[in-house]
Asker: 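Right, I'll just put the structure down here and ask away after.
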Amino acid sequence: MADEEKAMELEALSAIYMDDLILEDENKFEINLVPNPGSDDDKVGITMSVEYSKDYPNSEPVLKLTSIRGVSNQQISELSSTLKSQATENLGSVMIFTLAQTVKEWLDEHNNDDDEEEGEDDDDEEAVKPEDNSSKFSAGTPVTMDSFKAWKAKFDAEMLEAKKGSLDSEKLKRPTGRQLFEIDISLIMSDANMDDGDTVSVEVFKEGRQHQMNDVNWDLFDDEVPEQ
């Protein structure tokens, strides 16, 4: 059951974070987190490295936070402590999305020039002890097996509908089987008559074509039977 939960969680995370999730193997991956994905204006960013424990989610995953930009070592340490507490609270349920959302919320709150300058300061300098912000982060909504199954069912349904719409659109652009048959019959009759070196009137051509169409079993086609 644990392996199934991990596989489903990883599939959902891949769909959510797409190129921002870098998979090393089925148990190790990284998620690059910034306030505004795709924007060049972000002042802060963090990479969250994850390694599943053997019996995850019944035990905590191994997490490591690394600053992409604008986050000091002290802030990384404080945020890591917050995530460790959350992981303990969510034991028994898949939790990576919940933890990633906590990091994302922190980045949203610190996405300004002041925090960027703070992240670039030398962390060995004497500084006033920062306020403990761990209480400011909610535990988030735990992601359960049922919620992942519901998400996956909805996601698969949307993808199937989109694929069906694309196929229907492509089908409309193609001639029907009956149209292709009629074209082939016309060409065959035209070629046959030209080989004889005779001039065929429009009336004779239509009569010959009508005989050919009368011999066709139109039930083999999905289209309506043509008018005689």
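We number each residue from 1, following the sequence as shown. Bear in mind the structure is a predicted one, so any value in this text is a computation, not a measurement.
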Asker: With Glu24, which residues qualify under salt bridge (charged side-chain N to carboxylate O under 4.0 Å, His left out), at least two apart?
Answerer: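 Result, salt bridge (charged side-chain N to carboxylate O under 4.0 Å, His left out) vs Glu24: Lys28.
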
Asker: Asp40: which residues meet the side chain to side chain donor-acceptor pair (under 3.5 Å) condition with it, sequence neighbours left out?
Answerer: none

Asker: CD of Gln101 to CG of Leu33: how many Å apart, nearest 0.5 Å?
Answerer: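 Answer for the CD-CG pair, Gln101 versus Leu33, is 8.5 Å.
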
Asker: I'd like to know whether CG of Asp19 has more than 12 heavy-atom contacts from other residues, nucleotides or ligands below 6.0 angstrom.
Answerer: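 Count not over threshold, so no.
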
Asker: In Å and rounded to the nearest 0.5 Å, what is the CD1 to CD distance from Ile46 to Glu30?
Answerer: 13.0 Å

Asker: Please name all residues satisfying side chain to side chain donor-acceptor pair (under 3.5 Å) with Thr88, sequence neighbours left out, ordered by chain then number.
Answerer: Glu60

Asker: Yes or no on side chain to side chain contact (heavy atoms under 4.5 Å, CB included) for Trp106 and Gln75, after CA distance, side-chain angles and deciding distance?
Answerer: CA-CA 10 Å; Trp106 187 95; Gln75 290 171 318; 3.8 Å; yes

Asker: Grouping I, L, V, M, F, W and Y whenever their side-chain heavy atoms are under 4.5 Å apart, do Val34 and Val103 come out in a common cluster?
Answerer: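 Hydrophobic grouping puts Val34 apart from Val103.
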
Asker: Ser80 side chain to Ile76 main-chain N or O, any donor-acceptor pair under 3.5 Å?
Answerer: yes

Asker: Side chains of Asp55 and Ser53: does their closest heavy-atom pair fall under 4.5 Å?
Answerer: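 Yes, their side chains come closer than 4.5 Å.
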
Asker: What is the minimum heavy-atom distance between Ser67 and Gly70, and which atoms define it?
Answerer: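 Looking at all heavy atoms of both residues, the shortest contact is OG-N, 4.0 Å.
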
Asker: Tell me if a side-chain donor or acceptor on Asn111 pairs with a main-chain N or O of Lys43 at a distance below 3.5 Å.
Answerer: yes

Asker: Taking side chain to side chain contact (heavy atoms under 4.5 Å, CB included) as the definition, give me every residue that meets it alongside Ala15, ordered by chain and number, with sequence neighbours left out.
Answerer: Trp151, Phe155

Asker: Between Val62 and Leu23, is there shared hydrophobic-cluster membership here, with clusters defined by ILVMFWY side-chain heavy atoms closer than 4.5 Å?
Answerer: no

Asker: How many angstroms lie between CZ in Arg69 and CG in Leu107, if you round to the nearest 0.5 Å?
Answerer: 10.0 Å

Asker: I'd like to check the side chain to side chain donor-acceptor pair (under 3.5 Å) partners of Asn58; sequence neighbours left out, ordered by chain and number.
Answerer: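 So Asn58 forms no side chain to side chain donor-acceptor pair (under 3.5 Å) with any residue.
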
Asker: Taking C-beta and beyond as the side chain, do Leu83 and Thr102 meet within less than 4.5 Å on heavy atoms?
Answerer: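 SC-SC contact between Leu83 and Thr102 confirmed.
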
Asker: So, taking the atom named CG in Asp3 and the one named CD in Glu26, what distance separates them when rounded to the nearest 0.5 Å?
Answerer: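 The CG atom of Asp3 sits 7.5 Å away from the CD atom of Glu26.
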
Asker: Check for a donor-acceptor pair, side chain of Asn90 on one end and backbone N or O of Gln86 on the other, with a separation under 3.5 Å.
Answerer: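 Looks like yes, one N/O pair under 3.5 Å.
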
Asker: Is a side-chain donor or acceptor of Lys6 paired with a backbone partner of Tyr56 at a separation under 3.5 angstrom?
Answerer: no

Asker: Using a 3.5 Å distance criterion without hydrogens, assess whether the side chain of Glu9 forms a donor-acceptor pair with backbone atoms of Met95.
Answerer: yes

Asker: What is the distance from atom CG of Leu99 to atom NZ of Lys104, rounded to the nearest 0.5 Å?
Answerer: 15.5 Å

Asker: Is there side-chain contact between Leu65 and Leu79, with at least one heavy-atom pair below 4.5 Å?
Answerer: yes

Asker: Please lay out, stage by stage, how Ile22 and Asn32 fare under the test side chain to side chain contact (heavy atoms under 4.5 Å, CB included).
Answerer: CA-CA 8 Å; Ile22 303 171; Asn32 293 320; 3.8 Å; yes

Asker: I'd like to know if the side chain of Asp42 and the backbone of Val44 have a donor-acceptor N/O pair within less than 3.5 Å.
Answerer: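 Here the side-chain-to-backbone pair does not exist.
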
Asker: Applying side chain to side chain contact (heavy atoms under 4.5 Å, CB included), can you list everything that pairs with Val50, at least two apart in sequence or on another chain?
Answerer: Phe29, Met48, Pro61, Leu63, Ile96

